[in-house]
Amino acid sequence: MPAKQTLSSLGEFGFLHRLFPRLRTRSDVLVGPGDDCAVVRRSRRNLLITTDALVEGVHFEREWLTPRQLGRRSLLVNLSDIAAMGGGPTHGVISLGVPPRYRLADLVALHDGIAAVARETGSDIVGGNVTRARQAFVSITLLGEVDRPVLRNGARAGDQLFVSGVLGEAALGVRQLRRGKRRGPAITRYREPQPRLQAGALLAQERMASAMIDVSDGLLQDLRHIVESSGVGAVIDVDALPHAPGLKQLRDADALQLALCGGDDYELLFTVPRRKLARLEKLRPKLGCQVTRIGECTKDGRGIRLRGAGRAVRIAGEGGWDHLVGW
Ligand SMILES: [Mg+2]
C-alpha cells in the first residue's frame with residue numbers, strides 16, 4: 001500500500017473490504033463483517049454487552065500512542081469491563097473516526113492492533129464502520145458471556161476488599177507523557193492495560209467475589225460505586241495498597257494520591273466474604289496476577305475511610321482529597 005494513501009482515496013468500503021480477510025472468525029459467527037449486521041448463534045449463557053470509546057484530545061493525545069497501540073488499548077479497556085463481570089469476551093464491533101488525511105497505513109495498523117488483541121483473547125471483531133471526524137476516535141462495543149455475573153451491589157459489611165495488580169502506575173505514565181517522556185514501565189502500563197480476564201472469570205465461577213468492578217477512574221471513585229450500590233461503607237488500609245514500583249520514588253502524599261485517585265489502572269477491585277478467605281488463598285496461584293487485601297466493607301453510613309499511620313481520615317464529597325494533604 002502506498003505510504004501516503006489516505007482514507008479519502010480508498011473510501012470507506014474499499015477500506016473495510018481490505019480489512020475483512022485480516023479478521024478471524026469464531027465458529028458461532030454465522031455472518032461476519034460485510035452484511036448489514038453480523039449474525040451470531042446464541043449461546044445459552046448470559047450475554048454481556050459493554051462499550052467504551054477513546055477520543056483524541058479527551059482520552060489521549062496523538063503523540064502518546066502509535067496507531068497500533070491505540071487499537072490495542074481500545075479493545076483492552078473494553079475487555080476489562082467483561083473481566084469485571086467475571087465473563088469472557090466473544091464478539092465486538094468497532095466504530096472508527098479519523099480525519100480524512102489520516103494515512104491509510106496508520107488506519108490499517110490501528111485495526112491490526114485491535115485484531116491482534118481480539119485473537120489473543122479469543123474474541124472476534126464481527127463488524128464495524130469508519131467515518132470522517134475532526135479528531136480520531138475508536139469506539140468498541142464488546143459482547144461477552146458469563147454464567148453468573150458478579151455485580152457491584154453484592155458487598156456486605158465485613159466483606160474483605162481486594163485489588164489485583166498494582167495501583168497508580170498508569171496515572172504516573174500519563175503524567176510522564178504530559179511532561180514529554182515517551183518510554184518507561186509506567187508509560188507502557190498506560191498504553192497496554194492488562195484486563196484481568198482469568199482472575200475475573202475464576203472469582204465468578206468459584207463464587208468468591210460478592211461484588212466486583214474494574215478500576216478505570218481511580219480506586220476511590222470506583223470503590224464508591226460498590227459502596228453506594230451495595231449500601232455499605234468501606235475502610236481502606238493505606239499501608240496495604242500495592243503501589244507500583246515507580247511510585248516508590250515519589251513523595252508519600254504524591255504516591256498515595258496516584259494510588260487512590262489515579263485512573264486507567266484497569267485492575268479488579270472486589271469483595272470477598274470472610275468465610276471464603278481460606279478458599280481464596282488456594283485460588284491465588286490460578287488467578288494469573290497478584291491480589292492484595294486492602295481493607296474491608298463496613299456498616300452503611302460511614303462512607304469510605306482511610307486507615308493507616310495511626311490515624312483515620314474520612315473522605316468526604318467527590319474526590320475529597322484535601323483531607324490527605326500533608327499525609
Ligand atoms: Mg468498568
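Whatever order the structure lists ligands and atoms in, that order sets their numbers, starting from 1. Values reported hereafter were calculated over all heavy atoms of this structure, with side chains retained and with hydrogens, waters and symmetry mates removed.
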- [ ] Measure across Phe60 and Trp64 and return the closest heavy-atom pair with its distance rounded to 0.1 Å.
- [x] CA-CE3, 3.9 Å
Open item on the list: Going by salt bridge (Lys or Arg N to Asp or Glu O under 4.0 Å), name the pairs with one or both residues in residues 57-66, residues two or more places apart or in two chains.
Closed with: Glu56-Arg62
Task: CZ (Arg134) with more than 12 external heavy atoms under 6.0 Å - done: no
- [ ] Return the set of residues passing side-chain contact (heavy atoms from CB on, under 4.5 Å) with Arg41 (not counting sequence neighbours), or none when no residue passes.
- [x] Asp28, Leu30
- [ ] Determine how many protein N/O/S atoms sit closer than 2.8 Å to the Mg ion (ligand 1), leaving waters out since they are not shown.
- [x] 2
Can you list, pair by pair, the side-chain donor-acceptor contacts under 3.5 Å of residues 154-171, counting residues two or more places apart and other chains?
{"from": "Arg156", "atom 1": "NH1", "to": "Asn153", "atom 2": "O", "distance (Å)": "3.4"}
{"from": "Asp159", "atom 1": "OD2", "to": "Arg156", "atom 2": "N", "distance (Å)": "3.0"}
{"from": "Asp159", "atom 1": "OD2", "to": "Ser210", "atom 2": "OG", "distance (Å)": "2.7"}
{"from": "Gln160", "atom 1": "OE1", "to": "Arg293", "atom 2": "NH1", "distance (Å)": "2.6"}
{"from": "Gln160", "atom 1": "NE2", "to": "Gly158", "atom 2": "O", "distance (Å)": "3.0"}
{"from": "Gln160", "atom 1": "NE2", "to": "Glu296", "atom 2": "OE1", "distance (Å)": "3.0"}
{"from": "Ser164", "atom 1": "OG", "to": "Glu267", "atom 2": "OE1", "distance (Å)": "2.4"}
{"from": "Ser164", "atom 1": "OG", "to": "Leu268", "atom 2": "N", "distance (Å)": "2.8"}
{"from": "Glu169", "atom 1": "OE1", "to": "Arg189", "atom 2": "NH1", "distance (Å)": "3.4"}

Open item on the list: Under a 4.0 Å threshold between the charged nitrogen and the carboxylate oxygen, would Asp254 count as salt-bridged to Arg175?
Closed with: yes
